[in-house]
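Just so it is clear: chains get the letters A, B, ... in the order the sequence lines come, proteins before strands, and each one is counted from 1.
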Amino acid sequence: MDGIDMLDPSGSMTTLTPMAETPITSSHHQLHGSYHNGFLGAHHPAMAAAVAAAGLHPDTDTDPRELEAFAERFKQRRIKLGVTQADVGKALANLKLPGVGALSQSTICRFESLTLSHNNMIALKPILQAWLEEAEAQAKNKRRDPDAPSVLPAGEKKRTSIAAPEKRSLEAYFAVQPRPSGEKIAAIAEKLDLKKNVVRVWFCNQRQKQKRMKFAAQH
DNA sequence: ATGCATGAGTG
DNA sequence: ACTCATGCATA
């Protein structure tokens, strides 16, 4: 769908969607907005001005700086409340927000460290903000209920571990060709004696990692 | 905190 | 077969 990587680093007004739409609609996979337009150059001052001029809201919610600031405030207050990342994830379900279920410790951690995609950050912010407000309100009221522990089975998984030498090779391949064809992947897999799927997923994750937020270009 | 994995959505 | 949001297991 995108084939080559974006070719519009300049904010030269390509069809940019001011989307700030519906955050979350159900427990899982629906935070899909319109991310498919190489928005990476979307925070050009000229464009921000254009958006403001267009009468559209000052999209302060999509401003990386605002997100960064919120993430830090969030973490600070969370710790102040003596709540762990895992606790927050669980608590989200009790918040009973329309279509918002629990999240994992991983996701909360990534939100705090800004290692989620821009869109993902935007979608999660209002939810975590709601939790924070509610949590602080309850803390003030000394509200506390010793809920049931609930013994979770914790279904076990097995994670493949790619050894250092193989990993170095993969990184070398990635540097030259981040998007190898299926055949190339098979060849690499064979050469490194890894399952083809393991190699394919490794490349997918590598690409995703490369695209994550973290004060990339403009911070 | 992060690596590898899954699955929905998309084209 | 890819992208994206997310998660389990682990370092």
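Rounded to a whole Å, the CZ atom of A:Arg168 is 17 Å from the C1' atom of B:dG3. With rounding to whole Å, A:Gln210 atom CD is found 18 Å from B:dC4 atom C1'. In this structure, A:Gln206 places its CD atom 13 Å from P of B:dA5, rounding to the nearest Å. The CZ-C1' distance, from A:Arg200 to C:dT3, rounds to 12 Å in whole Å. The nearest whole Å value for the distance from the CD atom in A:Glu171 to the C1' atom in B:dG3 is 12 Å. Here the P atom of nucleotide C:dA5 and the CD1 atom of A:Ile122 are 11 Å apart, to the nearest Å. Atom CG in A:Leu116 sits about 12 Å away from atom C1' in C:dG7, given to the nearest Å. At whole-Å resolution of the value, CZ in A:Phe203 and P in B:dT6 are 18 Å apart.
For A:Arg207, counting side-chain heavy atoms from C-beta on, the closest listed nucleotide (C:dT6, C:dT3, B:dA1) is C:dT3. Comparing B:dT6, B:dT2, C:dC4 by their nearest atom to the side chain of A:Asn197 picks out B:dT6. Taking every side-chain heavy atom of A:Asn120 into account, C:dA5 is the closest of B:dA5, C:dA5, B:dG3. Here the nucleotide nearest the side chain of A:Leu103, chosen from B:dA1, C:dC8, C:dG7, is C:dG7. Looking at the side chain of A:Ile162, the nearest of the listed nucleotides B:dC4, C:dA5, B:dA1 is B:dC4. For A:Ile185, taking side-chain heavy atoms from C-beta onward, the closest of the listed nucleotides C:dA5, B:dA1, C:dC2 is C:dC2.
The base of B:dA5 sits with one of its N or O atoms less than 3.5 Å from a complementary donor or acceptor on the side chain of A:Asn205. Counting atom types as modelled, A:Ser106 pairs a side-chain N or O with a base atom of C:dC8 as donor and acceptor under 3.5 Å.
Listed here is the closest heavy atom pair of A:Ala71 and A:Glu112: CB-O, 4.0 Å. A:Gly101 and A:Leu92 get closest at one heavy-atom pair: O-CB, 3.6 Å. Between A:Thr62 and A:Ile122 the shortest heavy-atom distance is CA-CD1, 3.2 Å.
Toward the 5′ end of DNA chain B lies the nearest nucleotide of A:Lys75, the other residue of the pair A:Lys75 and A:Val201 mapping further downstream. DNA chain C is contacted by both A:Ser161 and A:Arg110; A:Arg110 maps to the nucleotide lying nearer its 5′ end (nearest heavy atom per residue).
Listed pair A:Arg179 / C:dT3 meets the phosphate criterion, a side-chain N or O lying under 4.0 Å from OP1 or OP2. Residue A:Ser117 places no side-chain N or O under 4.0 Å from the OP1 or OP2 atom of C:dC4. Using a 4.0 Å cut-off, some side-chain N or O of A:Lys167 falls inside it from OP1 or OP2 of B:dC4. Checking the phosphate oxygens (OP1, OP2) of C:dT3, no side-chain nitrogen or oxygen of A:Lys211 falls inside 4.0 Å.
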Distance-only donor-acceptor pairs under 3.5 Å for side chains of residues 126-137 of chain A, two or more places apart:
unit_1, atom_1, unit_2, atom_2, d
A:Glu134, OE2, A:Gln138, NE2, 2.8
A:Glu136, OE1, A:Arg77, NH1, 3.3
A:Glu136, OE2, A:Arg77, NH1, 2.4

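Contact annotation: the side chain of A:Leu95 never approaches that of A:Val100 to less than 4.5 Å [non-hydrogen atoms, C-beta and beyond].
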Residue pair A:Lys196, A:Glu190: steps toward the salt bridge (charged side-chain N to carboxylate O under 4.0 Å, His left out) verdict:
CA-CA 8 Å; A:Lys196 179 184 175 182; A:Glu190 172 136 15; over 6 Å; no
